[in-house]
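Here the structure is a predicted model, which means the values were calculated and not measured. Quick note: numbers below take in every heavy atom, side chains included, and nothing from hydrogens, waters or symmetry partners. Letters go in sequence order (proteins before strands), and every chain restarts at 1.
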Protein chains: 2
Amino acid sequence: MLTIGRLADYAGVTVKAIRHYHERGLLAEPDRDSSGYRRYTAEHAVKLVKIRTLAHAGVPLARVKELLDADPDTLTAAIAEIDHDLEDRIAQLRRARGQLAQLRGGDRLFVSPEVADHLDDLRGLGVSERAIRVERDGWILMQTASPEDAALWIAEKRELMADPEFRALYLEHDAAYDWPPDDPRLAALADRIRNWFAGRHSRSEARPVHNPAIARLAAQSLPGASSPAWDRLARLVEG
Amino acid sequence: MLTIGRLADYAGVTVKAIRHYHERGLLAEPDRDSSGYRRYTAEHAVKLVKIRTLAHAGVPLARVKELLDADPDTLTAAIAEIDHDLEDRIAQLRRARGQLAQLRGGDRLFVSPEVADHLDDLRGLGVSERAIRVERDGWILMQTASPEDAALWIAEKRELMADPEFRALYLEHDAAYDWPPDDPRLAALADRIRNWFAGRHSRSEARPVHNPAIARLAAQSLPGASSPAWDRLARLVEG
DNA sequence: GCTTGACCCTGCCCCTAGGGCAGGGTTCGA
DNA sequence: TCGAACCCTGCCCTAGGGGCAGGGTCAAGC
């Protein structure tokens, strides 16, 4: 009659799995024939299909064992629960697909949507990729330190970016990275930066937008995050 | 700056998983601070999110390691493949859900749709659950032995069931199970069975519908698959 | 009768992707 | 200054089998 291999084919399961179920006590060992081969009956086949159905649904074998001789009400409740889990897992896999698609480009996986929009804006303005990367890494650090604060800060920063003068300063500061440190434009730029800050402060909404400690960390974390021109500029702005 | 716990929260991963990625060489070990704590940078965060995204998509860590420093074209191809796998797995889970729903009742999980329809027909005719169970188990054994033959046999059997006389005999034979072995109706039934077989044979389409060896196996596999009345009936039919 | 390929047996070690716990040191906020 | 919350290494554990070794068995064809 039924050998282990045939039973395995019937149930869509490997021979090894069947032996495993015997070991775990899920499926009773059948009688053996004269040469020691296991000989199965239709009842084994029925039980095995039940085991396989639950196992393929991700139910741990220990739980399968319980369910095999649970009363119908318990079984019905358990099946509803398992079905729910399956639904969840399908939703998870779908989310995984969505994220996977974003892996090939863009920063949306690493920062909040608001920050990602901000980075896109910078790109639209013609900001260098180097600067964008420094920004991104800074925001990542801020978000890990405190997502709530980061959310507030990005909102402020985006308001700031609405100011044409600030945008101009941002771009010029970005361009200054490559200037020679004795470039005469640095002094002029430093003046405009100071003036702009003074103007903001006079309007009394003077909160520091960037936590300077964090900004420094972000700068340290990347090679090429500063330059001789920027160092000089910083000294000029400080006075 | 970034401790392992914060990094883990940011990436939606456990601390243990991060240490595991270090061991496997997926994520570079960061510098340690004076007390031996790991201190991470934004670059670690970016890489970790990539790892997590792939790992959540079910990519084995060894493969993740390869993909992390693959060229963009290879990566694009790999992502397409992984996405395909994900789609397959979603389809599998959906199938698992469908099968799970059938676990609570019915025989459709265990036999082919044709056999299941046949069993439903028997139920509709008022055949006893005991007989239906014997049929089901017989068909399971036949299907495990040879699905193709079983498909042919069930087609023949269903044709047979279209014959009102055969149906009547089937039902009476079923009912006879509980009769006393000396019941006078047994002899009459045996006659009708013999006549019916004779009629079929004369119409020259005389193929055995049931493989007798298999039928016997099916009968053996179940307790209560025979009775004193049936034993007597068998002797009467044989002559 | 003999061989050959497909089965079957037990027993052993291996894998993935971490989880859990022990036993100890560190940092931070009140 | 103290307790809670972190962090460190090291070790063992898990599910669900896969793979292989080393050996016995069965069925078909020659």
Side-chain angles (χ1 to χ4, degrees), chain A residues 1-27 29-40 44 48 50-68 82 85 89 92-93 96 144-146 213, chain B residues 1-27 29-40 44 48 50-68 82 85 89 92-93 96 144-146 213:
Chain A
M1 46 205 282
L2 213 31
T3 66
I4 197 170
R6 280 199 182 297
L7 179 64
D9 287 349
Y10 163 77
V13 141
T14 64
V15 167
K16 195 86 192 224
I18 295 179
R19 296 206 186 102
H20 193 56
Y21 299 154
H22 287 323
E23 264 178 43
R24 298 279 157 124
L26 296 189
L27 188 62
E29 282 271 4
D31 292 338
R32 308 290 181 115
D33 68 12
S34 60
S35 57
Y37 288 14
R38 294 177 178 85
R39 292 300 165 145
Y40 294 90
H44 286 103
L48 179 56
K50 289 181 182 170
I51 294 171
R52 178 212 65 192
T53 302
L54 289 167
H56 283 187
V59 180
L61 295 191
R63 187 91 200 286
V64 171
K65 189 175 177 183
E66 292 170 21
L67 291 181
L68 281 177
I82 294 163
D85 285 1
R89 294 197 8 213
Q92 275 177 27
L93 287 188
T144 60
S146 170
Chain B
M1 45 205 280
L2 212 32
T3 65
I4 197 170
R6 280 199 182 295
L7 179 64
D9 287 349
Y10 162 78
V13 141
T14 64
V15 166
K16 193 86 193 222
I18 294 179
R19 296 206 186 104
H20 193 56
Y21 299 153
H22 287 322
E23 265 178 43
R24 298 278 158 128
L26 296 189
L27 188 63
E29 281 272 4
D31 293 338
R32 309 290 182 115
D33 67 11
S34 60
S35 58
Y37 288 14
R38 295 177 178 84
R39 292 299 165 147
Y40 295 89
H44 286 104
L48 178 57
K50 290 181 183 172
I51 294 171
R52 178 213 64 193
T53 302
L54 289 167
H56 283 188
V59 179
L61 295 191
R63 186 92 201 287
V64 171
K65 189 175 178 184
E66 292 170 18
L67 291 181
L68 282 178
I82 295 163
D85 285 3
R89 295 201 4 216
Q92 274 177 28
L93 287 188
T144 60
S146 170

Heavy-atom side-chain proximity of [X] to [Y] below 4.5 angstrom:
X       : Y       : answer
B/Val13 : B/Ile51 : no
A/Leu93 : B/Arg89 : yes
A/Arg39 : A/Thr3  : yes
A/Tyr21 : A/Val64 : no
A/His56 : B/Gln92 : no

State which of [options] makes the closest approach to the side chain of [X].
X       : options              : value
B/Lys16 : C/dC8, D/dC7, D/dC11 : D/dC11
A/Arg38 : D/dC7, C/dC9, C/dT27 : C/dC9
A/Thr14 : D/dC8, C/dC8, D/dG18 : D/dG18
B/Tyr37 : C/dC8, D/dG16, D/dC6 : D/dC6

Length of the line joining [X]:[atom1] and [N]:[atom2], which is rounded to integer Å:
X       : N      : atom1 : atom2 : answer
B/Glu23 : C/dC15 : CD    : P     : 14 Å
A/His22 : D/dG16 : NE2   : C1'   : 16 Å
A/Leu26 : D/dG17 : CG    : C1'   : 13 Å
A/Ile4  : C/dC7  : CD1   : C1'   : 11 Å
B/Ile18 : C/dA17 : CD1   : P     : 17 Å
B/Leu7  : D/dC7  : CG    : P     : 10 Å
A/Lys65 : D/dG16 : NZ    : P     : 13 Å
B/Arg6  : C/dC28 : CZ    : P     : 10 Å

For [N], take OP1 and OP2 only and decide whether either is under 4.0 Å from a side-chain N or O of [X].
X       : N      : value
B/Thr3  : D/dC6  : no
A/Arg19 : C/dC8  : no
B/Tyr21 : C/dA17 : no

Residue mapping more 5' on DNA chain C - nearest nucleotide basis, B/Ala55 or B/Ser34: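 Result of the comparison: B/Ala55.
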Touch class at under 4.0 angstrom, heavy-atom based, for A/Arg32 against every strand present: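 Sugar-phosphate, no base atom in range.
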5' priority, DNA chain D, between A/Ser35 and A/Arg24 [closest heavy atom]: A/Arg24
